[in-house]
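As structure tokens, the structure follows; a few thoughts come after it.
If you're wondering where the values come from, they're calculated on a predicted model, not measured in any experiment. Labels below follow one simple rule: chain letters A, B, ... track the order of the sequence lines, proteins then strands, and each chain is numbered from 1.
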Amino acid sequence: MALNYAEIEPKWQKAWVEAKVYESEPDERKGILINVPFPYVNTPLHIGHLRTYATTDFHARYKRHRGYNVLFPMAFHATGTPILAIAKRITNKDKELIEELHKFEIPDSDIAKMEDIYFIVDYMIGITEEAFKQSGLGIDWRRKFRSIEPIFSKMVEWQFARLNAAGLLKQGSHPVGWCPNEGNAVGQHDTRGDAEPEIEKLIAVGFKDADTDAIFPCTTYRPETIDGVTNLFVGEKVEYVKARIGGKSYFMSKDAATRLAYQMQLEVEGPVSASGLLKKNVINPSNGERLPILPGFFVEAEVGTGIVMSVPAHAPFDYAALERLKGSGIQVPQGRSVIRIERPNNPPKAPTGEEIERARKADHSASVEAYLELLKQGGEISDEVLEVATKLVYREESRWGVMAYGKYLGRKETDARGLISADLISSGSSFNMYELTNPKPVFCRCGTRVVVKTVEGQWFINYGDKKWKEDTRKHMRSMRMHPEGSMNTFEKVMDWIDMRATERAQGLGTPFPLNKSHIIESLSDSTIYMSLYTYIHILRDSKVSAEQLKPEFFDFVLSGKGDAGSVSKSTGIDELALKKCRDSFVYWYSDTARHSGSDLIYNHLVMYLFNHVALFDRKFWPKQIVTNGLVNYEGQKMSKSLGNIIPIKIGIRNHGVDPLRFIEVVGAELGSESDFRVDEVKSIRTKNDFLHKLITSLPEMKSAELSHNDFWLYSKLNSKIKRATELLDGMLLKEAYIDIYYNSVTELRRYLERGGSNGMVLRDFLEKLTVMISPIMPHVAEEFWHELGKASFVVKESWPEPDASMINPDVEQAEALIDSTVSDVRQGIELTSKIPANSGKNVKEITIIVADDWKTAAYNRLARERNMAKAVSSDSLKGADKEKVSKFLSQFAKRASALVEVPRLPCEYVVQGFNDSKDYLSEKLGAPVSAVMESNSSSPRAPRAMPGKPAIDITWE
RNA sequence: GCAGGGAUGGCGGAGCUCGGUCAAACGCGGCGGACUCAAGAUCCGUUGACUUAGGUCUACGGGGGUUCAAAUCCUCCUCCCUGCACCA
């Protein structure tokens, strides 16, 4: 009788709602607020997203079983630009997007309305909320809100006023990708082909014209090679201009001047010809050397300033350019090496001819030496080879290079780079600039090439603030983080998190208080909203308007400042409601757990920590963070391009929500990716059906006195409860549920196979099992629970307590021994059947000979001592025949250090166990089975009985 | 480039913090068998190589090292994944 998921899911969801199971209010129990980032409602969620929500739901349900008063709320996120982007794409009839929406079974009539952003928000919230309800998430829906409503904005305004008062907001300049045509910042989704504009800061090193005051700025990643410069390169076909920056004249490509104008005050004075520049000489700012300017074949107007400093000893392109000039009548300067390689553990080897051949084909596997040798040999060298060579040289020198010349002689190259850069900047003629470092030029969707613009007056949250960071870090270390390894990631993020831009020109959201024409960036506005869950329904019930939510309201509720009476007077909010808000906040915020995908550690979660530390009392700082990995589908990443995205609704329809939840939540440990495989989901359904069938057949089963088999099942059950509870408290979900679920199914099958039929024992097992699967599979558990004849809701039941008196390791070990002996016997039959004397015969009987106790004792002694002499002389063996013992042990002497102790079951007990299971064993093995202890056996095989491994005597006839 | 994480059998994935219990948990898949009219599901066995009684050999990205002993420690190399900021 297969479970009908489509029937039981809505049935129990409805019953829970009617009983208000998930509507939580403070009471005498210990409270905990368990929450998860509100979903972004630009597109509907797919089954990959479900993992985080279902894991959160698991946690909430588990804690409820464990006696906590749990609040699991939900809201919706809509600030920022993505929803604007959707509306724009719909207006443009974007086919890709429309196709995607079709996959979510959204009809064209609704898609047509999505030019309206508020329609999108409402519509997507509807879909998402429905999906969450169908997923059986135990959410208190009375507290839902959206991040674009006035109450939310009031809270965010309060937040930023407090941050500003604490001096944590800073203003400054900031480079962004910029479309000169549209006049706004461009991010990844604003560019053609979704190229993320990669911005890098580099230095333009100023070389003064030998005869005038004009400067040649050379962009470079490697200013430390300055003393190795032999000349400058300009492009013969490049258009140059003279431009004025900060009262000085610079030569640069016309293109560079255009780009740099977005980064600094720059005025073009007029065109300059490349041939004119080629006649000039320059002075090296580091050592005063007078250097020529030569034509460089690779120089491009679009890269850097269009002027390159030539370091032939360390830059393959420069070297090759000079080589090409040889024979053209131009005198080519000699390079100077300024960096020495010190690679102590792995000294460079001379390259083989074969390796040089590989280098000629621009093969990455060739060594840097091979490339250098190739360069030395001269001849035609392709740009491709030069590119690889450049990369390898750069890497080699960055990793192992030591300065071999100049002021920083002996310093590591990477250190010298920064020092020399700083020296050059402070000397006046050099400057920093930003450059897009994408391999190809980046274009805005409008077709204009993207440049880097320095935005002035940009506001930041200063997460680099020393005191703030240290307070946050210290608190972070005291938190419960799951999985354990995530703490390390948090530490790293703490190390590098610094200023973060917090407002921008476009998008939905709350106006930025210090510049009302901008809005607060959508990660920054979502760091303390979890507190809103604790009281928003009270505001709604009391008909409080947003205008009444003055700063003193939040000061009172969130910071406990002021008193309800005066706050009530100034805001007009009912005094009792105010007190209730504060009490609710205090109750729920005393213990919290926040869940999320592990990708959010890098931004949201750390910001969440910082903001709480800055704004709340210490006792309301976050207590626990649980992060989980992504979900793959049949071994592949879920992505739009692979077309393997399955909407939650459809996933539920196809698989049933509980099997889906089970696979997603416990299919992998928190920290790793889980894989969604249809076969595995099916196997969960099969196992559920097995349990279901067993439950429905319970009424026919009778109770009887407990047998060995019953004790075994009880022992399994109780040791499982104990172990799984410990694992779950540590959020080791997969390991716990392998034991709770998979192993239970196996054990039950085995119990039945062994002839187990005690209704009372099975009922006890199944009832406790049902409670334990309910956090993951609540609908199935609820169905089981009622089949078991219960009237209560299983989702509100207490977690089972292990009965220590029923845990019996001996029984479990004896069973395990019986198991392993069965397969040993099978193997023995298989092997002896091949003996000619046995051909055509059948097995007549099987005797299992259990090793004497002294053997086990001696063996364990050796395993512990790892030393023959000690083991033999041991006191614990007194009374035993020393000679016999040492003879027995000598066979293990070689491996003494690798031995492991075996369970110390008295051999009489084991023999008894085997003989109690005679029927079962005989049936399984197809011949009568009996067991005997070694000392009572006359079989020639008896001495082969080993601790933990009985000897087997098979008689054929 | 920088930072973090990873590379284990046909596949996914444990183990690697405390080196010997590791031919390697668990789950898929493959093969053989039982059941079935049949398919599916389920159950049993098997799934590195060799081996007619529990044994031997070769294995944990590549090189080098430490050790009586390394998937596990050190080191170098190669490759892969993720993040790098205004983007939620």
Side-chain angles (χ1 to χ4, degrees), chain A residues 2 37 39-40 42 77-83 174-177 185 187-190 196 198-200 221 343-346 364-365 367 391 394-395 398-399 437 455 458 460 463 484-485 488-489 491-493 495-507 520-524 526 598-604 629-630 632 634-635 637 667-669 671-675 677 679-680 682-683 685-687 689-690 734-735 738 742-743 749 753 822-824 826-836 838 863 866 895-902 924 941 944 946 949 951-952 954:
Chain A
Y40 203 88
N42 56 338
H77 195 24
T79 57
T81 52
I83 289 169
H174 177 60
V176 292
Q188 187 170 358
H189 41 251
D190 305 312
E196 167 97 46
E198 293 167 26
I199 298 168
E200 198 150 3
Y221 291 105
R343 190 164 58 172
N345 293 318
N346 201 10
H364 274 267
S365 71
S367 67
K391 204 181 143 192
Y394 181 80
R395 187 169 69 187
S398 293
R399 195 169 300 182
T437 57
V455 177
Q458 169 76 47
F460 299 87
Y463 292 116
E484 220 178 300
N488 190 34
T489 311
E491 287 279 0
K492 298 294 171 193
V493 178
D495 286 343
W496 57 249
I497 194 166
D498 199 10
M499 303 272 269
R500 180 170 176 109
T502 191
E503 43 94 5
R504 56 175 309 184
Q506 30 178 352
I520 292 169
E521 180 269 325
S522 64
L523 278 176
S524 300
S526 303
S598 46
D599 50 329
L600 293 190
I601 297 176
Y602 296 95
N603 43 53
H604 166 72
L630 302 169
N632 286 342
E634 299 288 348
K637 212 175 196 174
E669 290 295 358
S672 48
E673 294 183 351
S674 70
D675 194 11
R677 285 170 190 265
D679 279 341
E680 289 188 48
K682 278 190 192 154
S683 97
R685 295 171 67 118
T686 306
K687 289 179 173 69
D689 287 341
F690 164 78
K734 182 186 176 186
E735 222 183 323
I738 282 179
Y742 290 105
N743 290 352
R749 285 191 166 131
E753 197 192 5
V822 166
S823 68
D824 283 350
R826 283 209 169 106
Q827 204 178 352
I829 293 173
E830 170 80 19
L831 289 166
T832 49
S833 71
K834 291 178 186 163
I835 296 170
N838 292 337
R866 311 210 148 173
R895 300 184 291 132
S897 55
L899 296 180
V900 173
E901 292 189 56
V902 296
K924 260 205 130 144
R941 298 201 58 81
R944 300 195 71 120
M946 293 293 154
K949 204 151 186 120
I952 296 152
I954 302 165

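With sequence neighbours left out, A:Pro175 forms a side chain to side chain contact (heavy atoms under 4.5 Å, CB included) with A:Ile199, A:Tyr434, A:Val452.
In this pair, A:His174 and A:Phe460 present their aromatic rings perpendicular. The plane angle is above 60°, beyond the 30 to 60° band.
B:rU75 and B:rC11 have their P atoms separated by 30 Å, given to the nearest Å. One P atom belongs to B:rC73, the other to B:rU21, and the distance between them is 15 Å to the nearest Å. To the nearest whole angstrom, the two P atoms, one in B:rC35 and one in B:rG29, are 22 Å apart. One C1' atom belongs to B:rA14, the other to B:rA69, and the distance between them is 23 Å to the nearest Å. Atom C1' of B:rC16 sits at a distance of 10 Å from the matching atom of B:rU8, rounded to the whole Å. As rounded to the nearest Å, B:rA24 and B:rG15 have C1' atoms that lie 8 Å from one another. Using atom C1' as the reference point in both B:rG32 and B:rC22, the two lie 27 Å apart (nearest Å). Nucleotides B:rA7 and B:rU72 are separated by 15 Å at their C1' atoms, to the nearest Å.
Here A:Arg504 reaches the OP1 or OP2 of B:rA88: one of its side-chain N or O atoms lies under 4.0 Å away. Contact annotation: A:Thr489 side-chain N/O to B:rG4 OP1/OP2 distance is not under 4.0 Å.
Counting non-hydrogen atoms under 4.0 angstrom, A:His174 reaches a base of the nucleic acid.
Closest-nucleotide positions on RNA chain B for A:Ile497 and A:Ile738 were compared, and the one nearer the 5' end corresponds to A:Ile738. Comparing A:Lys687 and A:Asn488, the nucleotide of RNA chain B nearest to each residue sits closer to the 5' end for A:Asn488.
Taken to the nearest 0.5 Å, the OH atom of A:Tyr463 stands 6.5 Å off from the OG1 atom of A:Thr502.
The listed nucleotides are B:rA88, B:rU42, B:rG1; the one nearest the side chain of A:Tyr394 is B:rG1.
For the pair A:Arg749 CZ and B:rU42 C1', the interatomic distance rounds to 7 Å; values are reported in whole Å.
Side-chain atoms of A:His77 never come within 3.5 Å of backbone atoms of A:Pro37 as a donor-acceptor pair (strictly under, hydrogens ignored). A donor-acceptor pair is defined here as one N or O able to donate and one able to accept, closer than 3.5 Å; such a pair exists between the side chain of A:Tyr40 and the backbone of A:Thr79.
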Protein-nucleotides 81-83 of chain B N/O pairs under 3.5 Å:
from	atom 1	to	atom 2	distance (Å)
B:rU82	OP1	A:Lys637	NZ	2.4

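With contacts defined as side-chain heavy-atom distances shorter than 4.5 Å, the pair A:Arg500/A:Leu523 qualifies. A 4.5 Å side-chain heavy-atom check between A:Glu503 and A:Gln458 finds at least one atom pair inside the cut-off.
Scanning RNA chain B for stems, defined as runs of 3 or more consecutive Watson-Crick or G-U wobble pairs whose donor-acceptor distances all fall under 3.5 Å, gives the following ranges: B:1-7 with B:78-84, B:10-12 with B:26-28, B:29-34 with B:42-47, B:48-50 with B:55-57, B:61-65 with B:73-77.
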